[in-house]
Undergrad: 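Below: one structure in structure tokens.
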Amino acid sequence: MDLGLKGRKALVTGGTKGIGRAVVELLAAEGCAVGLCARNAAEVEATVAAMRAAGAIATGAPLDVADGPALRRWVADSAAALGGLDIVVGNVSALAVGGDEAAWRAGFATDLMGSVVLVEAAMPWLEASDAGAIVLISSVSGREIDFAAGPYGAFKAALVHYAQGLAHRLAPKGIRANTVSPGNTYFEGGVWPRIEREMPELFAEALKLNPTGRMGRPEEVARAVAFLASPAASFISGTNLVVDGALTRGVQL
């Protein structure tokens with residue numbers, strides 16, 4: 001299937017590792033020009049260099065998405081460098097699983113407001129696109145109570161609600177908004193290898209919960225993101241696509 005992504009311009013936050021890196025690579029492979037950000041400058045530089053070496057148009061900058069003014073500047077600078085925007089993918093999380101006030105503030109600033117500011121900053125360019133698309137990375141922790149209950153799960157659930165509201169509000173402008181909710185996703189540099197080393201009992205318990213007998217891979221989530229971001233999904237808006245290998249048991253109505 002031709003997703004119709006060739007020549008499109010996309011922004012991806014948290015684009016240097018894990019799901020974000022896989023999204024950047026897949027969008028670039030499909031012909032998108034890609035702008036990315038992450039907090040580590042060296043990793044941003046290396047990722048942009050790798051994308052360019054593969055023949056893609058790519059730009060990037062070190063950025064903490066909790067810094068609203070800096071996020072707005074990055075969106076504007078990236079749109080200028082790429083010649084517009086068609087797609088924004090919000091992928092950054094504070095991974096706040098603690099129950100203290102600091103964890104709640106971190107989750108709000110990064111997961112929720114980082115997504116809100118990203119979308120609002122990109123809106124002038126999305127409105128000018130003939131296929132504007134917003135994809136926000138939520139989580140199965142936003143659908144059910146698990147070990148990440150608390151700020152992480154609460155704000156991931158809020159992202160689903162926010163995206164569905166966007167879908168209804170922006171439909172007359174031809175802009176679609178969806179979320180993707182991954183299950184446990186294993187990649188080097190991510191949380192699960194660390195849990196595997198430091199908390200093997202928790203890791204084993206998490207692994208047993210999935211009937212596939214394994215965790216997801218970043219590229220499996222990226223394929224869902226690329227589809228929802230593409231013109232091939234032109235009549236899909238306001239949905240939450242769960243990519244979890246049947247991990248969750250709740251019925252999504």
Side-chain angles (χ1 to χ4, degrees), residues 1-15 20 23-24 26-27 30-37 65 68-69 71-92 108 110-139 142-143 154-182 221-243 252-253:
M1 177 191 298
D2 180 5
L3 296 179
L5 286 168
K6 187 174 182 179
R8 298 292 176 182
K9 291 95 174 180
L11 291 186
V12 182
T13 61
V23 170
V24 166
L26 182 53
L27 291 179
E30 290 289 330
C32 284
V34 183
L36 63 101
C37 71
V65 300
L71 178 55
R72 290 185 179 91
R73 286 193 299 272
W74 173 70
V75 171
D77 291 347
S78 299
L82 298 175
L85 292 176
D86 302 289
I87 298 161
V88 292
V89 180
N91 171 63
V92 175
F108 177 75
T110 300
D111 296 53
L112 188 56
M113 290 310 300
S115 299
V116 172
V117 174
L118 171 69
V119 168
E120 293 306 316
M123 199 53 61
W125 291 278
L126 294 177
E127 289 177 344
S129 172
D130 63 353
I134 299 160
V135 182
L136 303 179
I137 305 302
S138 180
S139 169
R143 292 191 64 217
F155 292 123
K156 288 301 189 182
L159 286 177
V160 176
H161 192 286
Y162 171 59
Q164 188 154 356
L166 286 174
H168 284 266
R169 177 164 64 89
L170 299 176
K173 298 182 178 184
I175 301 171
R176 298 177 301 104
N178 295 286
T179 52
V180 171
S181 288
V221 181
R223 292 179 195 125
V225 175
F227 172 67
L228 288 177
S230 76
S234 57
F235 205 56
I236 301 175
S237 194
T239 198
N240 178 38
L241 179 53
V242 178
V243 184
Q252 184 165 261
L253 299 176

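One is the number of the first residue; the rest follow in order along the sequence.
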Undergrad: Considering all heavy atoms of both residues, which atom of A226 and which atom of L26 are nearest to each other, and what is their separation?
TA: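 Minimum heavy-atom contact is CB-CD2, 3.7 Å.
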
Undergrad: What residues form a salt bridge (charged side-chain N to carboxylate O under 4.0 Å, His left out) with D2, not counting sequence neighbours?
TA: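 Testing D2 for salt bridge (charged side-chain N to carboxylate O under 4.0 Å, His left out), a comparison that skips the adjacent residues, returns none.
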
Undergrad: Taking the side chain as every heavy atom from C-beta outward, state whether V65 and L118 have any atom pair closer than 4.5 Å.
TA: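 Counting from C-beta outward, V65 and L118 never come under 4.5 Å.
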
Undergrad: Check whether any side-chain heavy atom of L11 lies under 4.5 Å from a side-chain heavy atom of V75, and answer yes or no.
TA: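 Yes. Closest side-chain heavy atoms under 4.5 Å.
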
Undergrad: So, the side chain of D86 versus the backbone of A131: is there a donor-acceptor pair under 3.5 Å, distance only?
TA: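 No; judged by distance alone, with no hydrogens or angles, the pair does not exist.
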
Undergrad: How about S230 and E30: do any of their side-chain heavy atoms sit closer than 4.5 Å?
TA: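 No - every pair of side-chain heavy atoms lies 4.5 Å or more apart.
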
Undergrad: When rounded to the nearest 0.5 angstrom, what distance separates CG in L71 from SG in C37?
TA: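 Output value for this atom pair is 7.0 Å.
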
Undergrad: Determine all donor-acceptor pairs shorter than 3.5 Å in which one atom belongs to a side chain in residues 157-175; sequence neighbours excluded.
TA:
residue	atom	partner	partner atom	Å
R169	NH2	E120	OE2	3.4
K173	NZ	E127	OE2	2.7

Undergrad: Do N91 and V23 come close enough that some side-chain heavy atom pair is under 4.5 Å?
TA: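 No - every pair of side-chain heavy atoms lies 4.5 Å or more apart.
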
Undergrad: For residues V225 and I137, determine if any side-chain heavy atom of one lies less than 4.5 Å from a side-chain heavy atom of the other.
TA: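 In contact.
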
Undergrad: Identify the two heavy atoms, one from A10 and one from L82, that lie closest to each other, and give their separation to 0.1 Å.
TA: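 Where A10 meets L82 most closely, the heavy atoms are O-CD1, 3.9 Å.
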
Undergrad: Which pair of non-hydrogen atoms, one from K9 and one from G84, has the smallest distance, and what is that distance?
TA: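 In this case the closest contact between K9 and G84 is CB-O, 3.2 Å.
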
Undergrad: Quick check against the 3.5 Å criterion: does R176 have a side-chain atom that pairs as donor or acceptor with the backbone of L228?
TA: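 At least one qualifying donor-acceptor pair exists.
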
Undergrad: Just so I know, are the side chains of V88 and W125 near enough to count as touching, which here means a heavy-atom distance under 4.5 Å?
TA: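 Sidechains of W125 and V88: no contact.
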
Undergrad: Give, for atom CG of L5 and atom CZ of F227, the distance between the pair rounded to the nearest 0.5 Å.
TA: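 Here the interatomic distance stands at 10.5 Å.
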
Undergrad: So, the side chain of S237 versus the backbone of A177: is there a donor-acceptor pair under 3.5 Å, distance only?
TA: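 Yes; judged by distance alone, with no hydrogens or angles, the pair exists.
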
Undergrad: For residues F155 and F108, report the shortest heavy-atom separation together with the two atoms involved.
TA: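 F155 and F108 have their closest heavy atoms at CE1-N, 3.3 Å.
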
Undergrad: Do side-chain atoms of T179 reach the backbone of L136 as a donor and acceptor pair under 3.5 angstrom?
TA: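 Judged by distance alone, no pair lies under 3.5 Å.
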
Undergrad: Would you check if the side chain of Q252 reaches a backbone N or O of V242 as a donor-acceptor pair within less than 3.5 Å?
TA: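 No, the answer is negative, given that no donor and acceptor are paired below the 3.5 Å cut-off.
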
Undergrad: Would the distance check show the side chain of S129 and the main-chain N or O of L126 forming a donor-acceptor pair, the cut-off being under 3.5 Å?
TA: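 Not at all, since once roles are kept as given, no pair shorter than 3.5 Å links the two residues.
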
Undergrad: When rounded to the nearest 0.5 angstrom, what is the spacing between CG in N240 and OG in S139?
TA: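 The OG atom of S139 is 9.5 Å from CG of N240, to the nearest 0.5 Å.
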
Undergrad: Take W74 and T13 through the test side chain to side chain contact (heavy atoms under 4.5 Å, CB included) and record every step on the way to the result.
TA: CA-CA 10 Å; W74 173 70; T13 61; 3.9 Å; yes

Undergrad: How far does CG of D111 sit from NZ of K156, to the nearest 0.5 angstrom?
TA: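 Reported value, rounded in 0.5 Å steps: 5.0 Å.
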
Undergrad: Which heavy atom in V243 sits nearest to a heavy atom in A224, and how many Å separate them?
TA: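 Result for this residue pair: CG2-CB, 3.7 Å.
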
